[in-house]
Engineer: 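Questions regarding the structure given below will be posed in turn.
Per chain, numbering begins at 1; letters A, B, ... match sequence-line order. These numbers were taken from a predicted model, which means no experiment stands behind them.
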Amino acid sequence: MTKPRVIYWFRTDLRLHDSPALQAALDLEPEVLWPIWTWDPHYVYKARVGVNRFQFLLDCQNDLSQSITKLNKKSKLFVLREGPQTLFPKLFKAWKPTHLVFEKDTDTYARTRDEAVVKAAKEAGVKVITRSGRTLWDSDDIVAHHDGKPTMTIAALQAAGKKIGPVAKPIPAPKSLPDPGDMPVDFEQHRPDPKPDINESHKTREDTAYKHIAGPNGDFAIETLEELGFAPATTPIRGGETLALQRLDELIKDKTYIATFKKPKTSPAQFDPPATTLLSPFFHFGALSVRLFYHRVQEVIDSFGPGASSPPESLIGQVLFRDMYFAAQAALGASFAQTATNPYCRFVPWHLPSKRDPHTGLTTGDHHIDSDQAEAWFRRWKAGTTGFPWIDALMRQLRHDGWIHHLGRHSVACFLTRGGCYVDWERGAEVFEELLVDHEPACNIGNWQWLSCVAFFAQYYRVYSPVSFGQKWDRDGALIRRWVPELRNVKPKYIYEPWKMPLPDQKAAGVRITGDGLEDEQDEGTYPKPMFDFSERRGICIGAMKNAYSVGLHGNDEKVLDGSWRSLFPSPDEAEVMGEYESDFGENADNNEDGDHIEKQNGESAGHKRGAETMGVKAKSKKLKTQE
DNA sequence: ATCCTGGTTGACTTC
DNA sequence: AGAAGTCAACCAGGA
């Protein structure tokens, strides 16, 4: 019998410590082991991955590759520049592996990708071994132990986890690795069509990512930002398993911090260093095992005695939430990422709703502009020029560093959706997807649903103030001064509300509060006026949420899908929050370029034309009393 | 069915 | 100064 020849396919498990899948590969006692990465065009061109997260990924790959080489001089992380679906059938023939091993991934795209690869392996007679290692418990197991339903509360996750049993103990890193086998690539490379490239706006030079299957020098080197066409990253946050383990060791030394950690008590305004662990990006790329983290933390808590915090506020609670969102996604699949078709997502007639492909029911990544006003608000939110310094500081920090504190994310997410702009949570989720170094699809989607009160959370009358919330943590506005330098010299009294600053104070602070915050129009030495009266918007939004809740539609309701939901929001007051756009099933005029795959069906053009212009609708009162 | 409890992280006023 | 009450009243999950 021939000894096993194993391809180990690294994906979001860029580590050697506590990797159940890698261990399963080594348990085969293979003659050869190829540690590989395949550059998936879907990730490179179709997923929103800003330069900062790409850099973090490349860091993780480089570190892993070096760690592999330390265990075997002949080996490293071999990067192949082709998508797995087309690559593996060719690799199976050319390299003649007996096994393909990888860590299980329950992300929506990953599931279909892996199905295709498993099918190809079966056809080639290659055995496939997978192991769960990305979450505390296998997310499909959690779903199975929750009646096949998504976990919508932390209690449900904990109950399901309890039924499965204790979180698996960490597995030590391997002490040696087998040699890689020969790696002929004398087959034709399948080159992807990069257009449309969703990350184009981040790129400043020619994209040469797919020039040669084994890289420019034919040595399977890890790609560089240059090769991908990116300018240098802006974030100081760096990746890699070595760094992750160092950081974990450092954190664990402070027993009190670890054992008494309470997330809601950590400050969103603290930035140097941040108040939380900053381990999330390592979890995302699997550079740190979430199970290893869990057990290291639990050990500290167990020996700490009384006074230790507990879930959901504790550090353990944080990774439980992560598992909850993963299991919700595992149960709902593609519909989890959007309102339309999602039975667990409440329907709210937000501004700037997603366009959908009528064939698949899935969002296209583009949105309807039902309100020019809302579009302008959205742009200002994204750019960090809303005129609310707390919001702008956080959005600028997010863009530059790829990270903001969890409560900062709450604040800006609430502001964009139910607590200010009344813009679709899907718009916000897309921006976070692009900008976060720790973007985790399930957690991002789940948290946006939470904050916009369409799922997981429902207390929509608890609205974050862009003024008071920041002041609670950072009276003098240090975070604002760091990220909104125009306001650096503004007195603490006005730092959160510069529009209240009298002219002499503006002069003294060297800034004029003027302009509408839209791109190209903001003059040097100025900071924009606030884009709306927050308390007025708060009242309008709470009233609109109350109404949407009472209508009670969910994403899978027929009325949501066919556009007839409009007839259920008849009050003129809601004109302010009425989508004014053509139905997805009657797409015409304005989207000629992708018109070829949007079949004209039943010709319905469901958009009632509502006369009310968004700004024309006034709140009934400055206070909360807008709803009747 | 119906009630009850708990829910990571609001703001503001009153005591 | 910190806790409690008010604002208005939400849901999921379990008994």
Engineer: Are A:D140 and A:R111 within salt-bridge range, i.e. N to O under 4.0 Å?
Structural biologist: yes
Engineer: Considering only NZ, NE, NH1 and NH2 on the basic side and carboxylate oxygens on the acidic side, decide whether A:R134 and A:E103 come within less than 4.0 Å.
Structural biologist: no
Engineer: Dot-bracket, 5' to 3', for DNA chain B please: Watson-Crick or G-U pairs under 3.5 Å, [ ] where pairs cross earlier ones, | where the partner sits on another strand, dots elsewhere.
Structural biologist: .||||||..||||||
Engineer: Is any side-chain heavy atom of A:M395 less than 4.5 Å from a side-chain heavy atom of A:F415?
Structural biologist: no
Engineer: Starting from C1' on C:dG14, measure out to CD1 on A:I154 and report it in whole angstrom.
Structural biologist: 17 Å
Engineer: Is a salt bridge present between A:D516 and A:R380, judged by a nitrogen-to-oxygen distance below 4.0 Å?
Structural biologist: no
Engineer: Just checking A:F456: base, sugar-phosphate only, or nothing, at a heavy-atom cut-off of under 4.0 Å?
Structural biologist: nothing
Engineer: Under a 4.5 Å cut-off applied to non-hydrogen side-chain atoms, are A:N447 and A:R409 in contact?
Structural biologist: no
Engineer: Report which part of the nucleic acid A:R409 touches: base, sugar-phosphate, or nothing (heavy-atom distance under 4.0 Å, all strands).
Structural biologist: nothing
Engineer: Could you check how far NZ of A:K472 sits from C1' of C:dA1, rounded to whole Å?
Structural biologist: 16 Å
Engineer: Output yes when A:R396 and A:E486 qualify as a salt bridge under the 4.0 Å nitrogen-oxygen rule, no when they do not.
Structural biologist: yes
Engineer: Atom CD of A:Q449 and atom C1' of C:dC10: how far apart are they, to the nearest Å?
Structural biologist: 16 Å
Engineer: Quick one: label A:Y549 by what it contacts on the DNA or RNA (base, sugar-phosphate, nothing), any heavy atom closer than 4.0 Å.
Structural biologist: sugar-phosphate
Engineer: Is the terminal nitrogen or CZ of A:R346 (NZ for Lys, CZ for Arg) located under 6.0 angstrom from the six-membered ring centre of A:Y549 and within 45° of that ring's axis?
Structural biologist: yes
Engineer: Between B:dT8 and C:dG14, how far is it from one P atom to the other, in whole Å?
Structural biologist: 14 Å
Engineer: Do we see a donor-acceptor contact under 3.5 Å between the side chains of A:D18 and A:S289?
Structural biologist: yes
Engineer: Pick base, sugar-phosphate or nothing for A:W473, based on heavy-atom distances below 4.0 Å to the nucleic acid.
Structural biologist: nothing
Engineer: Expressed in whole Å, how much space separates the P atoms belonging to C:dA12 and B:dA1?
Structural biologist: 15 Å
Engineer: Quick one: on DNA chain C, does A:A155 or A:R462 contact a more 5' nucleotide (nearest heavy atom)?
Structural biologist: A:R462
Engineer: Atom CG of A:L451 to atom P of C:dC11: distance rounded to whole Å?
Structural biologist: 18 Å
Engineer: Between atom CG in A:N547 and atom P in C:dA8, what is the gap in whole Å?
Structural biologist: 17 Å
Engineer: Give me the distance, rounded to whole Å, that separates C:dA8 from B:dT5 when you measure between the P atoms they each carry.
Structural biologist: 23 Å
Engineer: Are any side-chain N or O atoms of A:D474 and backbone N or O atoms of A:A269, one a donor and one an acceptor, separated by less than 3.5 Å?
Structural biologist: no
Engineer: So A:H146, base contact, sugar-phosphate only, or nothing? Heavy-atom distance under 4.0 Å.
Structural biologist: sugar-phosphate
Engineer: Nucleotide range of DNA chain B contacted by chain A, 5' to 3', under 4.0 Å to a heavy atom?
Structural biologist: B:dG7 to B:dC12
Engineer: I'd like to know if A:R15 pairs up with A:E241 as an ion pair, taking the criterion as any Lys NZ or Arg NE/NH1/NH2 lying under 4.0 Å from an Asp or Glu carboxylate oxygen.
Structural biologist: no
Engineer: Starting from C1' on C:dA12, measure out to OH on A:Y460 and report it in whole angstrom.
Structural biologist: 16 Å
